[in-house]
Each structure stands twice: as C-alpha cells, then as structure tokens.
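Remember, predicted model here, so these are calculated numbers, not experimental data.
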Amino acid sequence: MLTVEKKKAYLSILSEELVPATGCTEPIALAYAAARLRDILGVWPERIRTEVSGNIIKNVKSVVVPNSGGLKGIRAAIAAGVAAGDAERILQVISDVPAERHEAIAAYSQNTSIEIVCADTPRMLDIRLTGWAGEHSASIHIANSHSNIVREERDGEVLLEKPVTDSAEDNLTDKSVLNVADILEFADTADLEDAIPLLRRQIDCNTAIAEEGLQNDWGANIGSMLLAEYPRDIKTEAKAWAAAGSDARMSGCDLPVVILSGSGNQGITASVPVVRYARHLGVSQEKLYRALMVSDLVTIHQKSGIGRLSAYCGAVSAGVGAGAGIAYLLDGSYEAIAHTIVNAVAIISGTICDGAKPSCAAKIAASVDAGILGYFMYKNHQEFKSGDGIVTKGVDDTIANVGILAQQGMRQTDQTILSIMTERCK
C-alpha cells in the first residue's frame, strides 16, 4: 500500500514535470537565459559568448523559434530572448511577442557578435551565456533542466549560486520512488483535487495544439496525412492527433504545450492519444485523469533512467507511456499495463534522437503505434519474454535496461549524431 509520503512524492513529481512552455524547450531555455542575461546586465548585450552542451546544439539547430518571424537556431533563440523576452515567464519567455518586434529580433541576430561554443561538459543540458556592454559584463548558467539557473554574475560579483551536480535530476524530487505497481495504485487511489488543475491544463493545451496541427499547414503534416491515408479508426486517430501537435510545435506554433520530462513532444505524446481514446470510449473525466497519471508517470519513470536529453528518442518513452495509459482505459490491470510497457519497449527501443525538427512528428506516430500494439499483443496472449533482446524479467527491470542502453550504450551514438549534424549536414 502506498504511504502518504510516497503519494506526496508522486504528486510533487507531476507538479514539477507538467509545466507550460511555448516552443521547443531547448531554444526556449536559451531565450530564457538570454532574457535573464539582459536583465542582469541592465541593457542589451553588445556581444555574447554562448557555451552549450552538444544536445542543446542538436535540439536547437532545426526548429523554428516561435514569435521570431520564422527564424531558426541558436542565434535566433538568443536574439528573441534579448530583444523581446520576459524572463519572469520562464519557459513562456517569448509567448507574447507582437509581430512588430520581429524586425528587432532579426536585426539583433544579424548585427550582434554571438559566439557559439560546444562546451566540454559531462552534462547533457548545459547553457552558459556571458554578455558584455561597454565596461560591464554579466553571465548566467543553466544546468540539467531547462529553467534551473545555478549561477548569475554581474561585473565579477556573484548574485546567485546554487549547488549543482552532473545529474539530470538535480534539484528535483527523487524519482527512484517510481515503479509500475505503485504508479497504478497511485492512479487508482489518489485524491484528484490537487492533480486536476495540472491534468486539465495538459489536456486543454496539448489538444489545442494538436487541433491546430490538423487544421493548418505545419511541418511535414504527418497528422493530417495519417488521417487522409490510413484507416479512420481510433488507433489512427490517436497517432495522428499526437503527430499533429508536434507538426505545429516543431515549426514555430506559438500555442503553449504542457511539457513532460522537459519536452513538449513528450508531453503531447503522453497525453493526446489517451485523451482521444478516452473520448472514443466515452469514459468519465475522472477515468481520463487517472489514465493520464499512468501515462505521465510511466513516461517519467523511463526518462529518469535515460536523462532529459539523450541519443535515445524521448518520443519512444512517451509512446510507451501512452500505451500504458490506453491499457489502463481498456483493461486497468497491472498485468495488462506491465505487458504493454515491456512489449512496446521491445518493439521500438533504439530509435535515435537526431534533434528537434519536423520528423519528430513521424517518430511520435510510430511510438504511439508501438504503445497500442504492445497492449493488443497482451490482449491476444502474445508477449516478448525475458531474454528477448533488452527485455528481462520484470517490467521495472526492463525499464532499467532502457536507461542503461540510453546512458551508456548510446553515448558514442550521441557524439556521432552531433558530428553528422554539425559537420556533414551544412
């Protein structure tokens, strides 16, 4: 039986992870840092040195920065933060930028010396900006999570300094408390009063951007293409709506997304398919909320071993989470959910993350499909067994193997991806 302390920890984890962001979180983290740098310095920096981890470079390179006039890349994100950002809004730092500011953003990007260095750091998420104006200087350091400012400095005076580790979970609730059996018990028994505002916002925001992705021309239009070319059943609908949210988000849509594990794509993938299934089945709103908690927490459970940024595609973890949430709606038993997770992990683990970009929508569709297939394998008495690849005895041990694969086995893969993206894809 879950203790009161453990229930509080699970709710705390949801509160930390389910936060709104406008735009892909890596360029937005840069825009947030840039806006904060400007505020510390007191004026627009005349020159900026940018030191970032490879995964920041990878995930900023190919996405459109929202409210920037269609600009892409690190310079655009920094320029948007300096010229138009409101640092107090954190990951919604450029959510309310009028079109007349686009010219100033473009001009700052083009005319300001912005040096970009790939930092030698063990952290997958690391951002250091240093800015100069006249005789004054300022710096800011974000580490491990997108809004975790660990140091601020002006003219050599340290204004803020927090202890920092090399862990992606630095300054967050300990996620070692997560396991699938307890996640299911929490979803079944939790008092929803404190969780409903988080989950309702997740439903509203992520469904809205999915609708936008289906109604208009965004990215590769994976969502609308799926609905046009595949059978019009709930399985296709679940994949298409999730993909459509990413279609819009990766191409600069300024609608907010409730993120998960630091990622809007994961927030969309873990929630939208579950919402579509719940509406198709006609279940109660309470049942939907509880299914979303399963999906969100199963996704977070996987990502806690992988890290926020990795060569392992985060959409895979969220697709597995969505499969677990759908299994909760269709069956609800521990056996169904555990088998769904293991089957889905066996199907699609190993999909690489080669940065944020329009093709993320297609990976999301494939990941949701794997989650759904994982459940229907269980329903038809089929399963992948211990010893089949990375699958081992016990769902939580299989999830642990995914973390080992991502953190250890794909470390060199990550470096190779970055090399290809920055040296061979110019």
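- At most 12 non-hydrogen atoms from other residues, nucleotides or ligands lie less than 6.0 angstrom from CD of E88.
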Steps toward side-chain contact (heavy atoms from CB on, under 4.5 Å) verdict (L281, L330): CA-CA 9 Å; L281 296 169; L330 293 170; 3.7 Å; yes

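- Within a 6.0 Å sphere centred on NZ of K162, heavy atoms belonging to other residues, nucleotides or ligands number more than 12.
- For A208 against L255, the heavy-atom pair with the smallest separation is O-CD1, 3.9 Å.
- Other residues, nucleotides and ligands contribute over 12 non-hydrogen atoms within 6.0 Å of the CD atom of E161.
- For the pair K303 and Y312, the cation does not sit on the ring face, since its NZ or CZ is not both under 6.0 Å from the ring centre and inside 45° of the axis.
- Salt bridge present: D414 and K58 bring a charged side-chain N and a carboxylate O closer than 4.0 Å.
- Rounded to the nearest 0.5 Å, atoms CG (L418) and NZ (K61) are 10.0 Å apart.
- Side-chain contact between R89 and T22: absent, with no pair of heavy atoms (C-beta onward) separated by less than 4.5 Å.
- Here the closest non-hydrogen pair linking V391 and F384 is CG1-O, 4.0 Å.
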D354 and I420: CA distance, side-chain angles, deciding distance, side-chain contact (heavy atoms from CB on, under 4.5 Å) verdict: CA-CA 9 Å; D354 53 341; I420 290 171; over 6 Å; no

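- Taking 4.5 Å as the limit, every side-chain heavy atom of H339 sits out of range of all side-chain heavy atoms of D331.
- Using the six-membered ring where Trp is involved, Y277 and H280 have ring planes that are perpendicular, over 60° apart on the 30 and 60° scheme.
- Between C24 and V63, the shortest heavy-atom contact is CB-CG2, 4.0 Å.
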Working for side chain to side chain donor-acceptor pair (under 3.5 Å), residues T392 and D397: CA-CA 6 Å; T392 191; D397 287 335; 5.9 Å; no

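- Using a 4.0 Å cut-off between charged side-chain N and carboxylate O, K8 and D194 make no salt bridge.
- In summary, the side chains of D296 and T299 do not present any donor paired with an acceptor at a separation below 3.5 Å, with no hydrogens or angles considered.
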Residue pair Y32, I149: steps toward the side-chain contact (heavy atoms from CB on, under 4.5 Å) verdict: CA-CA 10 Å; Y32 172 50; I149 298 175; 3.3 Å; yes

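- Residues N67 and I105 form no side-chain contact, since every pair of their non-hydrogen atoms from C-beta on lies 4.5 Å or further apart.
- Looking at S263 and N265, their side chains never bring a donor and an acceptor atom within 3.5 Å of each other.
- Residues Y10 and T173 fail the side-chain proximity criterion, which asks for heavy atoms closer than 4.5 Å.
- For CG of D120, the number of neighbouring non-hydrogen atoms (other residues, nucleotides, ligands) closer than 6.0 Å is 12 at most.
- Although no hydrogens or angles enter the test, the distance criterion places a donor-acceptor pair under 3.5 Å between the side chain of N206 and the main chain of V258.
- The existence of a salt bridge linking E17 and R308 is confirmed by a sub-4.0 Å separation between a basic side-chain nitrogen and an acidic carboxylate oxygen.
- Using a 30° and 60° split on the angle between ring planes, Y108 and W44 fall in the perpendicular class, above 60°.
- Taking both residues in full, the closest heavy atoms of V82 and R38 are given as O-NH1, 2.9 Å, listed atom of the first, atom of the second, then distance.
- Of the possible polar contacts, none joining the K235 side chain to the D233 backbone as a donor-acceptor pair under 3.5 Å is found.
- Residue N343 comes nearest to Y378 through the heavy atom pair ND2-N, 3.9 Å, listed as atom of the first residue, atom of the second, then distance.
- At least one side-chain heavy atom of H141 sits less than 4.5 Å from a side-chain heavy atom of D126.
- Taking each heavy atom of I28 and V93 in turn, the nearest pair found is O-CG1, 3.9 Å.
- With contacts defined as side-chain heavy-atom distances shorter than 4.5 Å, the pair T413/I417 qualifies.
- Checking side-chain atoms of Q302 against main-chain N and O of S317 turns up a donor-acceptor pair under 3.5 Å.
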